[in-house]
Protein chains: 2
Amino acid sequence: MVATSCFADRLAKHVPLSDAERKALTRLEENPRKVKRGAMIQRVNDTVTELFVLREGRVMSFVILPDGSRQILRVYFPGDFIGSASTIYSKAPESLVALSDAIICPFDKHALRRLLEEYPRVAALLFLLSNAERVALTDRLASLGRTSAKARVASFLLDIFDRLRVTDDSIVDSFDLKLTQEEIGDAIGLTSVHVNRMIRRMEQEGLIGRANGRITLLDLARLEEIGHYTNRHKDMDLDWVPSLN
Amino acid sequence: MVATSCFADRLAKHVPLSDAERKALTRLEENPRKVKRGAMIQRVNDTVTELFVLREGRVMSFVILPDGSRQILRVYFPGDFIGSASTIYSKAPESLVALSDAIICPFDKHALRRLLEEYPRVAALLFLLSNAERVALTDRLASLGRTSAKARVASFLLDIFDRLRVTDDSIVDSFDLKLTQEEIGDAIGLTSVHVNRMIRRMEQEGLIGRANGRITLLDLARLEEIGHYTNRHKDMDLDWVPSLN
DNA sequence: CGTAGTCTTGAGTATGGTCAACCGCGGTGG
DNA sequence: CCACCGCGGTTGACCATACTCAAGACTACG
């Protein structure tokens, strides 16, 4: 039996992969490692030469500012490609911590380089994905820079929702956020107290529902309007990568 | 005489390029186009298939939110690679406008694809650069999410300063910002009024000087401390790309 | 010399932060 | 088995940072 690569599966959702490509991608996930919730995977300023594919669970990247406040930079889900900054910086610019029990697959940055040399289609795919990540970041930048607390919460929930749905077809309108309100706040530049106020208000207004940790999005249209949210996944088009034959 | 590629020059500052690579990169800049200050290069939601290398002048990318407010996502300088989102999205997620008279070199996204197929080292380089851009964005994200108005102004000035120095050795401690205070505000999530107050205060405190549009950074150490700024260029290491031979 | 854009400053306001208290729940150890 | 502890959520009172509105000054350019 061949071990499957969740990263390959993720990519194959967009473009067909050759067996050789799939095999090469699987090799990145040869060394899966279990990590417990709260475990530090990478610490800011550590010397790093590794990247990761997240196979299971959730991970976040963040920085701590000198005054102790934290900015969560990105929340990662299974199939995500993590820590590519180590290709260009010798010291990690961000920390990585598991948000839940997780399985990560570390591999050396030189293994990635060889992969890209041998498989130009994979190189093209990674280039595309990093552009998608870039746009996700600019969306949040606009959210932090120019929108109200309520809008930030709304767009954050929608973003997580849509990203989870990319890989999990069973999600219809509710999902496990698995983040504390403090973590939400640290992701969108608010305090936990104010996140709570916003969430409660949105609940009272019938925009969202909550039941033992699960969030239900009750009025997607209004949430998107409030959050000035655009679903980027719809417009994504991976035809740019060379075709298989 | 061969037309030089400012993009190749930029890359060559980090890693040696072969003649063939240099030539291929130069081909991206075969169609330079002059644009006037204020000219719209790309409008959000337009169908796009082009990318650009900025040869001369300054360009910004931004979005306008439904309430009319603007978030500037990135300011670009000569040698920068612009608009790579068009490789993955058919509709532009951001607008591009010239901040000064500029020369841009548009090329088709398929030309880029062919380049990456033929020149894996260039593909690796672009992958690296997009990672550097990603870190620059996360730095600003942390700035917007978790730091005060004064800190944002300080780190923004330092960022521009350091980026200009990458290509312009003549810069010692002063530079032409070429941005209105409203534009600064739109980049760091403040109003022009408040940007003005911060700048004036920093001037009075002897942190910066101003003379007909030129900004002088008088106390780099304190500015870096105030802005929680890290110069990412110092730690950059392009050794990851395959060597030439 | 007039006009438009930018800068500057003040007065008043509001959004979101701070501080503090309390609740509820799940885990843990006596 | 239950008391205790600690974390996360909830709420209120108060505060501060940055926004809004508005007016006037400066500058560049026709």
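Just the heavy atoms: all of them, side chains too, but no hydrogens, waters or symmetry mates, feed the values below. Labels below follow one simple rule: chain letters A, B, ... track the order of the sequence lines, proteins then strands, and each chain is numbered from 1.
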Is any side-chain heavy atom of A:Val53 closer than 4.5 Å to one of A:Phe107? yes

Side-chain polar contacts of residues 67-84 of chain A - donor-acceptor pairs under 3.5 angstrom, sequence neighbours left out - could you list them?
from: A:Asp67; atom 1: OD1; to: A:Ser69; atom 2: N; distance (Å): 3.0
from: A:Asp67; atom 1: OD1; to: A:Ser69; atom 2: OG; distance (Å): 2.8
from: A:Arg70; atom 1: NE; to: A:Asp186; atom 2: OD2; distance (Å): 2.6
from: A:Arg70; atom 1: NH2; to: A:Asp186; atom 2: OD2; distance (Å): 2.9
from: A:Gln71; atom 1: NE2; to: A:Asp186; atom 2: O; distance (Å): 3.2
from: A:Gln71; atom 1: NE2; to: A:Ala187; atom 2: O; distance (Å): 3.1
from: A:Arg74; atom 1: NE; to: A:Glu133; atom 2: OE1; distance (Å): 3.1
from: A:Arg74; atom 1: NH2; to: A:Glu133; atom 2: OE2; distance (Å): 3.0
from: A:Asp80; atom 1: OD1; to: A:Arg10; atom 2: NH1; distance (Å): 3.1
from: A:Asp80; atom 1: OD1; to: A:Arg10; atom 2: NH2; distance (Å): 3.0
from: A:Asp80; atom 1: OD2; to: A:Phe77; atom 2: N; distance (Å): 2.7
from: A:Asp80; atom 1: OD2; to: A:Arg163; atom 2: NH2; distance (Å): 3.1
from: A:Ser84; atom 1: OG; to: B:Asn131; atom 2: OD1; distance (Å): 2.6

Nucleotide C:dT6, atom P - distance to NZ of B:Lys178 in whole Å: 16 Å

Pairing residues for A:Arg201 by the salt bridge (Lys or Arg N to Asp or Glu O under 4.0 Å) criterion, not counting sequence neighbours: none

At under 4.0 Å between heavy atoms, which parts of nucleotides 7-16 of chain C does protein reach? Answer with one letter per nucleotide, 5' to 3': B base, S sugar-phosphate only, - none. SSBBB----B

If you count heavy atoms of other groups shown closer than 6.0 angstrom to CZ of B:Arg214, is the number above 12? yes

Distance from B:Ile103 atom CD1 to B:Phe52 atom CZ, nearest 0.5 Å? 14.5 Å

Apply side chain to side chain contact (heavy atoms under 4.5 Å, CB included) to B:Lys150 and B:Leu207, showing your working. CA-CA 11 Å; B:Lys150 196 176 171 189; B:Leu207 292 165; 4.2 Å; yes

What residues from residues 59-77 of chain B pass a heavy-atom cutoff of under 4.0 Å to DNA chain D? none

Does the side chain of A:Val97 come within less than 4.5 Å of A:Phe62's, by heavy atoms? yes

Extract, from 5' to 3' on DNA chain D, the first and final nucleotides lying under 4.0 angstrom from some heavy atom of chain B. D:dA18 to D:dC21

Is the shortest side-chain N to carboxylate O distance from B:Glu183 to B:Arg58 below 4.0 Å? no

If you count every heavy atom of other residues, nucleotides or ligands that lies below 6.0 Å from B:Glu50 atom CD, does the total exceed 12? yes

In whole Å, I'd like the distance from the CZ atom of B:Arg37 to the P atom of C:dA4. 17 Å

Check this for me: B:Arg43, atom CZ, are more than 12 non-hydrogen atoms of other residues, nucleotides or ligands nearer than 6.0 Å? no

Test item: B:Arg152 side-chain N/O and B:Gly189 main-chain N/O as donor-acceptor pair under 3.5 Å: yes

Specify the angle, to 10°, made by the local axes at the two ends of the helix from C:dC1-D:dG30 to C:dG30-D:dC1 when five pairs are taken at each end. 30°

Flag yes if more than 12 heavy atoms outside B:Glu224 fall under 6.0 Å of its CD atom; otherwise flag no. yes

What distance do B:Glu203 atom CD and B:Leu218 atom CG have between them, rounded to the nearest 0.5 Å? 9.0 Å

